[in-house]
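Worth knowing before you read on, the calculation uses all heavy atoms, side chains too, and leaves out hydrogens, waters and symmetry mates.
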Amino acid sequence: MLGKLLIPEIRELIATRDEATLSAALDRWLPADVVVLITDLPPEEKLEAFRMLRGPQRVQVFEYLDRPTQRALLEALSSEDVGHILNEMAADDRTALFEEWPPEIAERFLKLLSEDQQSVARSLLE
């Protein structure tokens, strides 16, 4: 509900590239509210809003997003950002994500994991 009420203001912050205000606002919201907001935004604004998230909330929001949005974000973010998100995700959520992809795509993203997380992920995928 909160996201729907504030979408025009959020879109304005994205359009004016007011990253500080947008980041500060989104970081105070509950992850579920941020997911509603991101889901209601056009694709290019979804990415910008997601990029403004910081800390643990970024991973929490990512885990709540639907699979097509998750994949679109992973394809659009830098390898460093993707590696951070995948390394911080709950192992079972990450495994479910990888299982839905063709093996070559899953392998591409597996390589972005730390050595320890790669080991965990590969054992869960077997």
Can you check whether [X] reaches [Y] side chain to side chain, under 4.5 Å on heavy atoms?
X	Y	value
M89	I85	yes
L74	F62	yes
R94	E63	no
L41	F50	no
R17	E48	yes
V35	I38	no

Candidate pair L110 and R122, rule side chain to side chain contact (heavy atoms under 4.5 Å, CB included), full reasoning: CA-CA 8 Å; L110 274 165; R122 289 186 191 285; 3.7 Å; yes
Quick one: pull up [atom1] in [X] and [atom2] in [Y] and give me the separation to the nearest 0.5 Å.
X	Y	atom1	atom2	result
E80	L112	CD	CG	11.0 Å
I7	E45	CD1	CD	9.5 Å
E100	T95	CD	OG1	11.5 Å
E126	L124	CD	CG	9.5 Å
R58	L73	CZ	CG	9.0 Å

Counting only N and O atoms by type, is there a donor-acceptor contact under 3.5 Å from the side chain of [X] to the main-chain atoms of [Y]?
X	Y	answer
Q70	L97	no
E99	L125	no
Q57	W29	yes
S23	A20	no

Residue pair L77, L47: steps toward the side chain to side chain contact (heavy atoms under 4.5 Å, CB included) verdict: CA-CA 8 Å; L77 293 168; L47 178 60; 3.8 Å; yes
Check side chain to side chain donor-acceptor pair (under 3.5 Å) between [X] and all other residues, then give those that pass, not counting sequence neighbours.
X	value
Q118	none
E88	none
R71	none
E12	none

Mind checking whether V34 and L30 sit in one hydrophobic cluster, side chains of I, L, V, M, F, W, Y counted as touching below 4.5 Å? no
Pairs touching residues 106-126 that satisfy ring pair (Phe, Tyr, Trp, His ring centres under 6.0 Å), sequence neighbours left out: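 Ring pair (Phe, Tyr, Trp, His ring centres under 6.0 Å) check on residues 106-126 returns W101-F109.
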In chain order, what residues pass the salt bridge (Lys or Arg N to Asp or Glu O under 4.0 Å) check against D27, with sequence neighbours excluded?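 D27 satisfies salt bridge (Lys or Arg N to Asp or Glu O under 4.0 Å) with no other residue.
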Closest heavy-atom pair and its distance - A91, V120: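 In terms of heavy atoms, the two residues are closest at CB-CG1, 4.0 Å.
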So, for A49 and L26, which heavy atoms are closest and what is the spacing to 0.1 Å?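 So the minimum-distance heavy-atom pair works out to O-CD1, 3.6 Å.
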Atom CD of E44: over 12 foreign heavy atoms under 6.0 Å: yes
Report the C-alpha separation of T69 and T39 in whole Å, then their side-chain angles, then the decisive distance to 0.1 Å, and conclude whether the side chain to side chain contact (heavy atoms under 4.5 Å, CB included) test is met. CA-CA 8 Å; T69 303; T39 302; 5.7 Å; no
